J.: 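Here's a structure for you.
Small disclaimer: the values here were computed from a predicted structure and weren't measured.
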Amino acid sequence: MINIMEIRLTKEISKEKISTIILSFLKKEKVNYIFGIHGGYTIGFGNEMNNFPEIRFIRCQHEEGAAFMADGFARTSGKFGVVLTTAGPGLSNTFTGIISSFADGIPVMLLSGAIPKDKAFKGAIQDTESFNMNISLSIREATRFHADIFYKDSFLQYFRNGIRYLFKGKKGPVFFNIGAELFSSEIEHSQEYFRHYEDHFFDQIAADHIIEVIRSSRSMLIIAGHGVMQSNARDEVQNFAELLRVPVMVTPKGKSSFNHESQYFIGVFGAGSNIIPEEYLKNETIETILAIGTSFNEFSSNAWSSFLAKTEKIIQIDIDPYIIGRSFPNTYGIVGNAKTIINYLYNKIKNNKFNGFKHLDSEGKIKYYKQNFENILNPQLIKSGSVPLKVPRLLDDIYNSFYPYELNIFNDNGSCIFWVGHYLKLKKDWNYYISLGFSSMGYAIPAAIGGAIGAPARVTVAFTGDGAALMNGNELKTAAEYNVPVFFFVLNDARLGIVHHSTNIIYNKPVPGVSFSKSVNFVTFAQSLGVDAYRIEKPGDINLEFIKKLIEKKKPVLFDCIIDPEEIAPIGSRLNQVNK
């Protein structure tokens, strides 16, 4: 289901400021938050915001943090995020965040105030064109739509076309670089924006062919990826798996795309892979894999696993046609929205007069693997009483302490990918978010702040390492300033864990510069920014009663978790790729 934004003509001609038109559109879409930092080239827009009290400006500490907050807001709210920035370094600072949203298909509107053309090439403050560098064009490559708007008469046409990319096909950032003086310029128009239609298009002939491929297969499993979450197809995929009675594994980015409590769920496959998915692929002859919303990149394919490569038939469902068949050539594909396609396949198979799918029933095999294999490495660490803390025990304490609540979980890049991806169990109603398309460290803290603003009814949790926390930890000030209730867990081992351990294994010693001479005291750091913080040093420090009291306070809180620095995360396939 893909929403398309269109315009229609009204009977009356309106005369409005360009900033008014933009803000009216946000109001109509119920996008009530803008993340960013004002500058000299955006004050016209900021002044107009005074006339829109329902739209709140969230002043961030850095524009990269603002971009990540908008990304997190979009993921949890189901809307699009908005970033406002000034020219020059303000705009360039958003680059990593915008690339991350582009890589993961997250809809974000980037608004930048640009240096007016009559001041260009004269050395105006923050004017990079004076030394032959166009930052706007650099960011263009990481957006679905880009427009430099310096003439007011061209604004409506650019804006109308740009916003369509927030709602259609593979979503992603749109970028409007608007001359500073235009924000206060008035234009006459007779247009208003509205939801015109919902596109359910997909290739039904291809879908019918896929049904025959499934029916004729001797065995099958499903891999559910991030696209399942983006298309809100989690229930549909579960219904489909239960209809066929086939096993389901999820990708690291799609960790919450299937119910972990289902009898058909066998684990995470990819970076930080669980054990049963690998054993199942290694030992069973799988004729057909149905891959829903996964790109089969390095992390989601367990470094292009040979177990996948030997599969006779891979069916890929994806909104992006260029993803299908990219990593594995033995592929059938359907381009379109996962929810719509899976619904179609489900209804066609369920209503089929002949029962030609009984042979796919894998309940016995699934039960065998669950009875004979542990799904995690070193399961004894789950109940470890050791100090320093073992991360598996910490994650188990967190799981049990938050079990009564509906969670949105944000995870960072670095060791957290593997620790949390491998060991943290998920309840059916928990959502899990990680930015793996571009894999930027420093994502989780700001993204969780935006995510909590986008879904205030849920409890929001963020996992980050000490290295990643130092990259955008300044955004704790934003959480404190606006009282955004997020639980920040910092895994503190005084080093960049993956680089330290992987190079130590490969070269028998770590490379220079990956360990801290002294660990950071994140309790003091967080408190200096106005966030309550606690030092977690032993098993049981995180418990149900403690968390309940903190949730009732409805305030941001940070946990400085002192973990065993010698315990190696389950980095497996990533280590092999680094070694190669």
J.: Rounded to the nearest 0.5 Å, what separation is found between the OG1 atom of Thr288 and the CD1 atom of Ile222?
T.: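 Going from OG1 on Thr288 over to CD1 on Ile222, the span is 11.5 Å.
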J.: Going by side-chain contact (heavy atoms from CB on, under 4.5 Å), name the residues that satisfy it together with Leu426, two or more places apart in sequence or in a different chain.
T.: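 For Leu426, the residues satisfying side-chain contact (heavy atoms from CB on, under 4.5 Å) (neighbours in sequence not counted) are Lys255, Ser256, His260, Ile409, Leu424, Trp430, Tyr432.
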J.: Where the side chain of Thr311 meets the backbone of Phe307, is there a donor-acceptor pair that is under 3.5 Å apart?
T.: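 The answer is yes, because a donor-acceptor pair under 3.5 Å joins these two groups.
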J.: Salt-bridge test for Lys253 and Asp104: reply yes if a basic N is under 4.0 Å from a carboxylate O, no otherwise.
T.: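 Answer for the salt bridge query: yes.
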J.: Answer whether the closest heavy-atom distance between the side chains of Ile292 and Val237 falls below 4.5 Å.
T.: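 Touching, per the 4.5 Å side-chain cut-off.
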J.: Show the numbers, then the answer: is there a side chain to side chain contact (heavy atoms under 4.5 Å, CB included) between Phe269 and Thr251?
T.: CA-CA 5 Å; Phe269 179 76; Thr251 66; over 6 Å; no
J.: For the residue pair Phe175 and His146, does the interplanar ring angle fall in the parallel (under 30°), tilted (30 to 60°) or perpendicular (over 60°) class?
T.: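 Because their plane-to-plane angle lies in the 30° to 60° range, the rings of Phe175 and His146 count as tilted.
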J.: Report yes or no: do Asn474 and Gln61 form a side-chain donor-acceptor pair below 3.5 Å?
T.: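 On atom types as modelled, these side chains do not qualify, holding no pair under 3.5 Å.
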J.: Could you tell me which residues satisfy side-chain contact (heavy atoms from CB on, under 4.5 Å) with Ser415, sequence neighbours excluded, listed by chain and number?
T.: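 With neighbours one apart ignored, the set is Trp419, Ile498.
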J.: Using a distance-only test with no angle check, is there a side-chain donor-acceptor pair under 3.5 angstrom linking His500 and Ser515?
T.: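 Looking only at side-chain atoms, Ser515 and His500 do form a donor-acceptor pair, the distance falling under 3.5 Å.
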J.: Does Ser257 reach the main-chain N or O of Met229 with its side chain, forming a donor-acceptor pair under 3.5 Å?
T.: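 Pair absent, no side-chain N/O of Ser257 close to backbone of Met229.
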J.: To the nearest 0.5 Å, what is the distance between CZ (Phe489) and CZ (Phe410)?
T.: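 Spacing of CZ (Phe489) from CZ (Phe410) equals 15.0 Å.
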J.: Under the criterion side-chain contact (heavy atoms from CB on, under 4.5 Å), which of Thr460, Leu558, Leu550, Ile398 is the partner of Phe487?
T.: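 That would be Leu550.
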J.: Report the C-alpha distance between Thr478 and Glu481 in whole Å, list the side-chain angles of each, state the deciding distance to 0.1 Å, and finish with yes or no for side chain to side chain donor-acceptor pair (under 3.5 Å).
T.: CA-CA 5 Å; Thr478 308; Glu481 188 82 10; over 6 Å; no
J.: Mind checking what makes side-chain contact (heavy atoms from CB on, under 4.5 Å) contact with Leu529, not counting sequence neighbours?
T.: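 Leu529 satisfies side-chain contact (heavy atoms from CB on, under 4.5 Å) with Leu476, Lys477, Phe525 only.
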J.: List in chain and number order the residues that pass ring-ring contact (aromatic ring centres under 6.0 Å, His included) with Phe296, two or more places apart in sequence or in another chain; answer none if no residue qualifies.
T.: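 For Phe296 the ring-ring contact (aromatic ring centres under 6.0 Å, His included) partners, ignoring immediate neighbours, are Phe328.
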J.: Would you say the side chain of Phe68 lies within less than 4.5 Å of the side chain of His62, judging by non-hydrogen atoms?
T.: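 No, every pair of side-chain atoms sits at 4.5 Å or beyond.
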J.: Report yes if some heavy atom in the side chain of Asn259 is under 4.5 Å from a heavy atom in the side chain of Phe265; otherwise report no.
T.: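 Sidechains of Phe265 and Asn259: no contact.
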J.: Answer whether the closest heavy-atom distance between the side chains of Ile223 and Val250 falls below 4.5 Å.
T.: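 No, their side chains stay 4.5 Å or more apart.
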J.: Answer yes or no: is there a donor N or O on one side and an acceptor on the other, between the side chain of Asp318 and the main chain of Ile324, under 3.5 Å?
T.: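 Checking the backbone N and O of Ile324 against the side chain of Asp318, no donor-acceptor pair under 3.5 Å is found.
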J.: Quick check on salt bridge (charged side-chain N to carboxylate O under 4.0 Å, His left out): which of Lys549, Lys553, Lys555 does Asp532 satisfy it with?
T.: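 Per the salt bridge (charged side-chain N to carboxylate O under 4.0 Å, His left out) rule, the option paired with Asp532 is Lys555, out of Lys549, Lys553, Lys555.
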J.: Who passes salt bridge (charged side-chain N to carboxylate O under 4.0 Å, His left out) against Glu363, sequence neighbours left out?
T.: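 For Glu363, the residues satisfying salt bridge (charged side-chain N to carboxylate O under 4.0 Å, His left out) (neighbours in sequence not counted) are Arg245.
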J.: Which pairs, with at least one residue in residues 256-281 and sequence neighbours excluded, count as a salt bridge (Lys or Arg N to Asp or Glu O under 4.0 Å)?
T.: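 Sorted pair list: Glu279-Lys282.
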J.: According to side-chain contact (heavy atoms from CB on, under 4.5 Å), who are the partners of Ser77, at least two apart in sequence or on a separate chain?
T.: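 Ser77 satisfies side-chain contact (heavy atoms from CB on, under 4.5 Å) with Phe73, Lys79 once adjacent residues are dropped.
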J.: Between Arg535 and Asn492, do the side chains contain an N or O donor and an N or O acceptor separated by less than 3.5 Å?
T.: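 Not at all, the side chains of Arg535 and Asn492 share no donor-acceptor pair under 3.5 Å.
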J.: Would you confirm whether Asn521, through its side chain, and Thr524, through its main-chain N or O, come within 3.5 Å as a donor-acceptor pair?
T.: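 Confirmed, Asn521 side chain pairs with Thr524 backbone.
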J.: Whether the side chain of His422 engages the backbone of Gly272 through a donor-acceptor N/O pair (distance < 3.5 Å, no angle test) should be reported.
T.: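 Yes, the answer is positive, given that a donor and an acceptor are paired below the 3.5 Å cut-off.
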J.: Does the Asn411 side chain pair with the main chain of Cys416, one donor and one acceptor, at a distance under 3.5 Å?
T.: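 Yes: the side chain of Asn411 pairs with the backbone of Cys416.
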J.: Which residues satisfy the ring-ring contact (aromatic ring centres under 6.0 Å, His included) test with Tyr482, sequence neighbours excluded?
T.: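 With neighbours one apart ignored, the set is empty.
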J.: Parallel under 30°, tilted from 30 to 60°, perpendicular over 60°: which one fits the rings of Phe35 and Tyr33?
T.: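 Phe35 and Tyr33: parallel rings.
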J.: Which pairs count as salt bridge (Lys or Arg N to Asp or Glu O under 4.0 Å) when at least one residue sits in residues 388-406, sequence neighbours excluded?
T.: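 Those involving residues 388-406 are Lys383-Asp396, Lys390-Asp564, Lys390-Glu567, Arg393-Asp397, Asp396-Lys425.
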J.: Check whether any side-chain heavy atom of Val108 lies under 4.5 Å from a side-chain heavy atom of Val82, and answer yes or no.
T.: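 They are not in side-chain contact.
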J.: May I ask you to test the Val268-Met249 pair for a side-chain heavy-atom distance under 4.5 Å?
T.: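 Heavy-atom side-chain distance check fails, nothing below 4.5 Å.
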J.: Within the 4.5 Å heavy-atom criterion, are Ile453 and Val484 side-chain neighbours or not?
T.: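 Result yes, sub-4.5 Å side-chain heavy-atom pair found.
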J.: Only one of Ile376, Ile266, Asn372, Ile366 clears side-chain contact (heavy atoms from CB on, under 4.5 Å) with Ile276; which?
T.: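 It is Ile266, the one option of Ile376, Ile266, Asn372, Ile366 that forms the side-chain contact (heavy atoms from CB on, under 4.5 Å) with Ile276.
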J.: Looking only at side-chain N and O atoms, does Glu64 offer a donor or acceptor that is under 3.5 Å from a partner on Thr94?
T.: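 Side-chain D/A pair, Thr94 to Glu64: absent.
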J.: Report yes if some heavy atom in the side chain of Leu221 is under 4.5 Å from a heavy atom in the side chain of Glu284; otherwise report no.
T.: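 When only atoms from C-beta onward are counted, Glu284 and Leu221 do not touch, as no gap falls below 4.5 Å.
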J.: Counting only N and O atoms by type, is there a donor-acceptor contact under 3.5 Å from the side chain of Asn543 to the main-chain atoms of Gly540?
T.: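 Between the backbone of Gly540 and the side chain of Asn543 there is a qualifying donor-acceptor contact (under 3.5 Å).
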J.: For Tyr264, give me all partners under ring-ring contact (aromatic ring centres under 6.0 Å, His included), at least two apart in sequence or on another chain.
T.: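 ring-ring contact (aromatic ring centres under 6.0 Å, His included) check on Tyr264 returns nothing, list empty.
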J.: Does Thr85 reach the main-chain N or O of Gly90 with its side chain, forming a donor-acceptor pair under 3.5 Å?
T.: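 Yes; at least one donor-acceptor contact below 3.5 Å.
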J.: Could you tell me if Asn472 and Tyr443 have a donor-acceptor pair between their side chains, going purely by distance under 3.5 Å?
T.: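 There is no such pair (donor and acceptor under 3.5 Å, judged by atom type) between the side chains of Tyr443 and Asn472.
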J.: With sequence neighbours excluded, tell me which residues meet salt bridge (charged side-chain N to carboxylate O under 4.0 Å, His left out) with Lys538.
T.: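 Residues passing salt bridge (charged side-chain N to carboxylate O under 4.0 Å, His left out) with Lys538: Asp541.
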J.: Return the CG to CG distance between Asp560 and Leu491, rounded to the nearest 0.5 Å.
T.: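 Here the rounded value is 10.0 Å.
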J.: Quick one: list whatever passes side-chain hydrogen bond (donor to acceptor under 3.5 Å, both in side chains) with Asp466, sequence neighbours left out.
T.: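 If we apply the side-chain hydrogen bond (donor to acceptor under 3.5 Å, both in side chains) test to Asp466, skipping adjacent residues, there are no hits.
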J.: Is there a donor-acceptor contact under 3.5 Å from the side chain of Asn431 to the main chain of Asn408?
T.: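 No: the side chain of Asn431 does not pair with the backbone of Asn408.
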J.: Describe, in one word, how the ring planes of Phe373 and Tyr369 are oriented to each other, choosing from parallel (under 30°), tilted (30 to 60°) and perpendicular (over 60°).
T.: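 If you compare the ring of Phe373 with that of Tyr369, the planes turn out parallel.
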J.: Counting distance only, does the side-chain N/O of Asn378 pair as donor-acceptor with the main-chain N or O of Gln380 below 3.5 Å?
T.: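 Pair absent, no side-chain N/O of Asn378 close to backbone of Gln380.
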